[in-house]
Structures are given as structure tokens and as C-alpha cells.
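What follows is one structure encoded as C-alpha cells, with my remarks underneath.
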Amino acid sequence: MPTTPRSNAMPTLRVELFEGRTPQQKADLARELTEACVRVLGGSADGVDVVFFDIKRQDWATGGVLWSEKGK
């Protein structure tokens, strides 16, 4: 059985963002990211996976400070 060369495999994109984005915003972003992958890498849109991870601000820190504490 022939195998697809690894260089032709399409990506799985992991998108981490603060919770609160709407389903429409995520759908729009998924479409744009998919189109960019196909344009730059070639292949088919059916081969691009986009996985969203909603993160609470209390579960993300930058510079040692939780985002839930920034601006307080």
C-alpha cells in the first residue's frame, strides 16, 4: 500500500486563545487559517485541521503574572 510522503501531509493547527470568542469568530479564523495553509503549502482544505483551546485568563500567565490579575 503506497504511503503519502511526510512532506505532503497537511497540518493540524492548535489555536490557544482566551475564552469568550464567538463560534462565528472561530469559524472565520478556521477558514482563514485553512486558506492560508492551502495557499502556502498546497494540498487540499480537507487536509487541514484547526483545533481551538479556550483558556481562562486565570489559567494563563505571562511574565509570572496571571492574565486575570493584569490591569487590576
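Taking 4.5 Å as the limit, some side-chain heavy atom of Leu41 sits within range of a side-chain heavy atom of Pro11. Between Asp28 and Arg31, some side-chain heavy-atom pair lies under the 4.5 Å cut-off. For the pair Val48 and Leu33, the minimum side-chain heavy-atom distance is 4.5 Å or more. Counting heavy atoms from C-beta outward, Asp49 and Leu13 have side chains that stay 4.5 Å or more apart. With contacts defined as side-chain heavy-atom distances shorter than 4.5 Å, the pair Lys70/Thr62 qualifies.
We find the CG-NZ distance between Leu66 and Lys56 to be 13.0 Å, quoted to the nearest 0.5 Å.
Ionic pairing of Arg21 and Glu19 is not present here: no N-O contact between side-chain nitrogen and carboxylate oxygen is shorter than 4.0 angstrom.
Through side-chain heavy atoms spaced under 4.5 Å, either directly or across other Ile, Leu, Val, Met, Phe, Trp or Tyr residues, Phe18 is tied to Val51, Phe53, Ile55, Trp60, Trp67.
Across all their heavy atoms, Ser68 and Gln58 have their closest contact at OG-CA, 3.5 Å. Nearest heavy atoms, Val38 versus Ser44: CG2-C, 3.8 Å.
Side-chain N or O atoms of Gln25 include one that pairs as donor or acceptor with a backbone N or O of Thr22 at under 3.5 Å.
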